Protein chains: 2
Amino acid sequence: MWSQIAEDLRAKITDGTLPTDARLPSEAELTTQYGVARATVRQALTALVNEGLIVPKAPRGYFVRHRQPLFYRPQTEFRPQPKTPEMDRFMADHSAEGREPRQSIDVSIVAPPPEVRQRLKLKEGELAVVRRRVRYLDGEPYNTNDSYFPLSLVQDTEIMRPVDIARGANEVLAEQGQEQVRALDEIYVRMPTPDEVRRLDLGPGTPIACHICTGLTADGSPVRVVVNVLPGDRHVIVFEREGMDPASNDKA
Amino acid sequence: MWSQIAEDLRAKITDGTLPTDARLPSEAELTTQYGVARATVRQALTALVNEGLIVPKAPRGYFVRHRQPLFYRPQTEFRPQPKTPEMDRFMADHSAEGREPRQSIDVSIVAPPPEVRQRLKLKEGELAVVRRRVRYLDGEPYNTNDSYFPLSLVQDTEIMRPVDIARGANEVLAEQGQEQVRALDEIYVRMPTPDEVRRLDLGPGTPIACHICTGLTADGSPVRVVVNVLPGDRHVIVFEREGMDPASNDKA
DNA sequence: GAGTGGTCTAGACCACGTA
DNA sequence: ACGTGGTCTAGACCACTCG
């Protein structure tokens with residue numbers, strides 16, 4: 001039974017018999033060891049791969065994956081904070097720590113995907129400007145950050161140029177009379193699309209958090225939608241709260 | 001090539017040719033249709049299952065999975081809110097909406113798992129009280145909520161009884177001179193353990209968010225750790241913010 | 001060249017719902 | 001009774017990397 005083999009190996013991983021980065025027995029070894037066909041061993045190993053516990057490295061074997069808190073990076077994203085002007089916060093946060101942050105920016109005019117179109121309250125066919133970015137840390141892709149703006153609001157502004165905006169996009173929006181004063185954050189958890197796998201170089205068994213942030217003006221009309229894709233193996237979302245009720249929906 | 005088959009089917013799902021709940025062609029049909037062996041078709045289908053796109057239903061076929069926002073449930077968890085006394089917020093929130101909330105409670109004394117032990121700053125071997133709960137909505141498991149307290153703090157209090165605590169656990173802690181005034185929230189995204197799959201009845205390809213909340217007193221010592229496990233297909237984490245900087249670490 | 005995983009074939013038997 | 005997916009076998013060839 002393949003699930004038995006998987007269970008054995010899983011136990012050895014979680015109890016430390018097979019530590020991080022250790023090499024598992026080869027498929028051939030496991031077939032003789034358990035006296036089953038190779039496909040059966042393979043099914044067990046595939047299960048562990050999809051659980052995110054191990055990773056197959058081409059012609060060298062299966063290896064125990066790095067444990068979760070690899071990048072134990074408290075994201076300041078969800079902690080209300082004073083503005084950090086002059087520089088993108090991602091860059092500022094991480095370059096202060098001996099890491100090497102880098103990002104690619106790419107600006108284009110697109111028909112926004114449905115989930116963005118709805119949040120921006122655009123009609124079918126209306127266009128948006130998207131600033132698509134991939135952030136890297138020490139050369140590894142860390143997350144993506146796609147900011148969508150209604151084309152009508154930002155046409156001919158700095159936002160359409162594929163470089164950092166030193167003042168921040170909010171300033172630019174404010175100049176257009178579209179100051180953003182409120183935001184709605186939604187976080188979805190799901191498996192990545194093949195596109196996301198490519199863009200972020202995700203291993204198998206790596207789920208992602210999709211953080212969609214909708215920025216609103218004082219009168220409640222949306223002026224931007226930011227879609228962040230955060231690979232689960234590289235992110236811990238952290239925030240602090242003051243106040244009495246810590247356990248969230250927990251009272252007892 | 002199995003990835004070609006997967007791509008074909010994936011396209012049909014995302015473009016709506018195969019809508020939600022539609023039945024895919026059977027493995028046998030696909031083998032003749034593509035002229036390949038069954039195992040090859042199977043590999044393609046398994047990939048889609050692990051992406052969370054389809055679900056195999058025992059002897060009836062593969063079906064397109066419900067789309068993400070099944071329970072489009074704004075969680076109030078992350079929005080600082082006034083206390084709702086008298087009743088567990090989970091129950092209050094959802095019974096107000098024609099849903100049927102239910103929860104099981106089970107209290108025990110345990111050696112806490114490492115991630116809890118560290119956050120409670122307990123020494124190796126020190127014990128904790130855990131109130132383990134599974135929340136159900138309309139009969140389906142919705143999430144789990146395990147609250148850990150240092151045994152020394154809550155011995156012989158209401159917290160050790162396996163029933164709702166009307167006043168809320170915070171009140172009880174406060175009476176012990178351990179009022180919680182601050183909290184640290186961490187959210188991890190990963191694939192579930194087999195345990196979690198059982199407890200929450202998770203389908204394949206369903207990642208989870210693990211929300212760990214550490215409650216602190218005024219002097220910074222931890223008094224409780226709550227581990228919430230939120231299945232990705234049943235949760236959208238939502239919160240609102242006031243203030244200028246909506247796009248999180250996004251400035252440009 | 002040897003060993004690895006990646007892919008594929010062509011069978012087989014089973015449990016299980018549905019008709 | 002039949003068709004479904006779930007499991008398993010016993011092979012095969014490949015591309016790749018390593019020593």
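Here is the naming used below: chain letters follow the sequence lines, and residue numbers restart at 1 for every chain. Side chains are part of it too, since the values below use all heavy atoms of this structure and drop only hydrogens, waters and symmetry mates. None of the values given here were measured: they were computed from a predicted structure.
Checked against side chain to side chain donor-acceptor pair (under 3.5 Å), A:Glu100 has no partners two or more places apart in sequence or in another chain. The side chain to side chain donor-acceptor pair (under 3.5 Å) search around A:Arg10 returns A:Glu51, not counting sequence neighbours. In this view, B:Arg198 and B:Asp195 satisfy the side chain to side chain donor-acceptor pair (under 3.5 Å) rule, not counting sequence neighbours. A:Glu115 meets the side chain to side chain donor-acceptor pair (under 3.5 Å) test with no other residue; sequence neighbours excluded.
Listed by first then second residue, pairs satisfying salt bridge (charged side-chain N to carboxylate O under 4.0 Å, His left out) with a partner in residues 25-44 of chain B read B:Glu27-B:Arg38, B:Glu27-B:Arg42, not counting sequence neighbours.
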Inset, instruction - Using a 4.0 Å heavy-atom cut-off, write out nucleotides 3-8 of chain C from 5' to 3' as B (base contacted by protein), S (sugar-phosphate only) or - (no contact). - result: BBBBBS
